[in-house]
Protein chains: 2
Amino acid sequence: MTNFDNYAKSAFTVDNIIFGFDEGDLKVLVIKRGEQPYENQWALPGNFVYPNEDLDTSANRVLQELTGLKDVYLEQVRTFGAVNRHPMGRVITVAYFSLIKIKDYKLQGTAALSQKTEWVSIKEAKNLAFDHDEILEACFRRLKRRVKMRPVGFELLPRKFTLTELQHLYEAILEPSKEIDKRNFRKKILSMKILVDLGEAQEGVAHRPAKLYKFDKKKYEKFVAEGYIFEI
Amino acid sequence: MTNFDNYAKSAFTVDNIIFGFDEGDLKVLVIKRGEQPYENQWALPGNFVYPNEDLDTSANRVLQELTGLKDVYLEQVRTFGAVNRHPMGRVITVAYFSLIKIKDYKLQGTAALSQKTEWVSIKEAKNLAFDHDEILEACFRRLKRRVKMRPVGFELLPRKFTLTELQHLYEAILEPSKEIDKRNFRKKILSMKILVDLGEAQEGVAHRPAKLYKFDKKKYEKFVAEGYIFEI
DNA sequence: GTATTAATGTTTAATAAGTATATATGTGTT
DNA sequence: AACACATATATACTTATTAAACATTAATAC
């Protein structure tokens with residue numbers, strides 16, 4: 001019978017990389033560190049795992065303490081376990097990412113009151129504290145892979161969105177320096193029949209108003225059940 | 001300045017799910033537990049992480065102690081952190097998988113002498129100890145995804161292999177109940193120009209001898225550098 | 001009237017899917 | 001030794017589907 005007292009133990013944290021999409025740009029929420037090490041430097045949100053708390057719950061708590069949001073898309077990406085990640089001792093970090101609609105974000109979690117936070121473009125989020133550049137890179141790479149094969153990108157958009165917004169989202173994530181052909185993109189996404197045309201259009205725009213759509217989870221489940229593959 | 005003594009610490013292990021390919025079947029190496037809990041039940045290879053050992057090194061040690069092999073394909077898959085995974089107390093497990101050529105396997109690691117091990121078909125590996133069914137499922141799912149988009153399957157084959165062996169490998173991993181069309185598979189894999197025709201053929205077979213090929217890593221790197229995507 | 005961006009479909013190129021026959025061995029029989 | 005048989009390998013073409021490339025009309029605010 002194994003006795004755990006004979007083995008090394010480690011502090012465990014979870015980091016939750018919170019992605020949002022705003023003004024055609026993929027953004028990540030960063031917080032300014034309030035103490036050493038890396039005081040006053042931007043870092044990713046994270047916290048220690050409680051003794052009787054599983055990892056997913058811990059990651060959801062990190063998110064909720066910062067944003068007040070619950071029931072948000074969450075995915076475990078990778079565990080960072082190098083020996084000397086932190087000057088105070090061994091700490092192993094399990095990195096997750098979440099996807100939220102920036103419109104829903106209100107700085108109303110309990111942790112938000114005592115920390116300075118900011119949405120930063122993914123293109124500009126560099127030189128973060130600790131090994132957070134590496135953590136962010138791993139999560140961004142996973143997000144890229146995920147949006148190609150699963151309809152998770154919709155978590156980043158308002159409930160009602162235009163096809164152009166959806167296209168800009170895919171461009172921001174997949175091809176930051178390149179444009180997807182509008183006609184081909186529309187043909188592809190509409191052919192899957194997982195969107196609902198709401199019969200509404202944008203208002204107050206100085207150009208032809210775009211139609212509004214929403215993602216329909218039941219139509220997606222039907223799509224998958226019929227053997228089709230979501231692939232962008 | 002954070003003081004880790006104020007936070008919970010957990011025992012932590014790495015499991016390394018070792019895949020092999022033999023007689024047209026994807027196999028996984030299991031060990032018979034020598035003590036409670038789950039005594040005499042099959043389990044996946046794993047061990048505690050040493051105090052000054054990073055996670056990858058630990059996973060590689062698990063493999064080497066069992067097989068004697070080093071420099072083997074290794075990939076971190078997921079961390080399992082439920083609270084009550086083990087009756088003796090909290091333990092968090094980082095799961096990896098490795099790919100080896102069964103021909104190279106010789107039960108010559110230090111751990112192999114004291115444990116009963118067996119190669120089990122992926123189709124039959126069920127009812128393992130702890131949450132190992134779930135761990136195996138996660139690794140198998142990741143392997144499926146990986147072989148589609150990366151030439152990692154070659155790690156499971158002998159250095160010289162026939163196209164039919166490669167096809168059977170893909171069938172065993174991707175479509176256990178289905179056959180891929182031989183002509184289409186050959187056309188696709190040969191069109192990538194990442195294999196080398198060795199100019200040799202099988203011997204001693206009661207049918208037309210198949211040509212032998214090898215995977216060429218430099219040709220693959222050239223393929224990628226030219227902007228092509230490996231996709232099966 | 002102007003500037004701006006949304007909506008739309010066709011053609012060409014590439015790849016997926018579906019399909020059959022000639023080839024080369026070991027084994028067994030005569 | 002010669003032959004037949006069983007077996008699995010190597011190969012290419014046709015049809016269907018999807019990717020890639022490309023331009024004009026429509027609908028708003030100013």
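All chains are named by letter (A, B, ...) in the order of the sequence lines, taking the proteins before the strands, and each is independently numbered beginning at 1. When reading the values below, keep in mind they use all heavy atoms of this one structure, side chains included, and skip hydrogens, waters and symmetry mates.
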A:Asn184 atom CG is separated from C:dA14 atom P, nearest whole Å, by 15 Å
Fill in: salt_bridge(B:Glu231, B:Lys148) N-O dist < 4.0 Å
no
Phosphate OP1/OP2 of C:dA6: any A:Lys182 side-chain N/O under 4.0 Å | yes
From CD of A:Glu203 across to C1' of D:dA29 the rounded distance in Å is 13 Å
A:Glu179 CD to C:dT5 C1', in whole Å, measures 12 Å
Rounded to whole Å, the CD-P distance (A:Glu231 to C:dT15) equals 14 Å
### Query
Taking atom types as modelled and ignoring hydrogens, do the side chains of A:Asp25 and A:Ser121 form a donor-acceptor contact shorter than 3.5 angstrom?
yes
- Item | Quiz item: cation-pi between B:Lys144 and B:Phe140, 6.0 Å / 45° | yes
Atom CG of A:Leu195 and atom C1' of C:dA7 are separated, to the nearest Å, by 15 Å
Original post:
Any side-chain N or O of B:Arg186 less than 4.0 Å from the OP1 or OP2 oxygen of D:dA10?
Top reply: yes
Per nearest nucleotide of DNA chain D, the residue lying toward the 5' end, A:Lys188 or A:Gly204, is A:Lys188
Residue set satisfying ring-ring contact (aromatic ring centres under 6.0 Å, His included) with B:Phe230, at least two apart, ordered chain then number -> none
Step-by-step side-chain hydrogen bond (donor to acceptor under 3.5 Å, both in side chains) determination, A:Ser191 to A:Tyr228 = CA-CA 11 Å; A:Ser191 71; A:Tyr228 297 112; over 6 Å; no
note: A:Leu190, atom CG; C:dT8, atom P; distance rounded to Å ~ 8 Å
Rounded to whole Å, the CD-P distance (B:Glu200 to D:dT9) equals 18 Å
In numerical order, the residues of residues 207-215 of chain A whose heavy atoms come under 4.0 Å of DNA chain D are A:His207, A:Arg208, A:Pro209
Report the C-alpha separation of B:Phe215 and B:Phe161 in whole Å, then their side-chain angles, then the decisive distance to 0.1 Å, and conclude whether the ring-ring contact (aromatic ring centres under 6.0 Å, His included) test is met.
CA-CA 9 Å; B:Phe215 171 70; B:Phe161 54 84; 8.4 Å; no
Winner on side-chain proximity to B:Arg183, out of C:dA17, D:dT11, C:dT8, is D:dT11
Sorted by position of nearest nucleotide on DNA chain C, 5' first, the leading residue of A:Thr164 and A:Asp181 is A:Thr164
With a cut-off of 3.5 Å and sequence neighbours excluded, list every side-chain donor-acceptor pair involving residues 199-213 of chain A.
residue	atom	partner	partner atom	Å
A:Glu200	OE1	A:Lys160	NZ	3.0
A:Glu200	OE2	A:Lys160	NZ	3.2
A:Gln202	OE1	A:Ala210	N	3.0

Rounded to whole Å, CD1 of B:Ile180 lies from C1' of C:dT15 at a distance of 16 Å
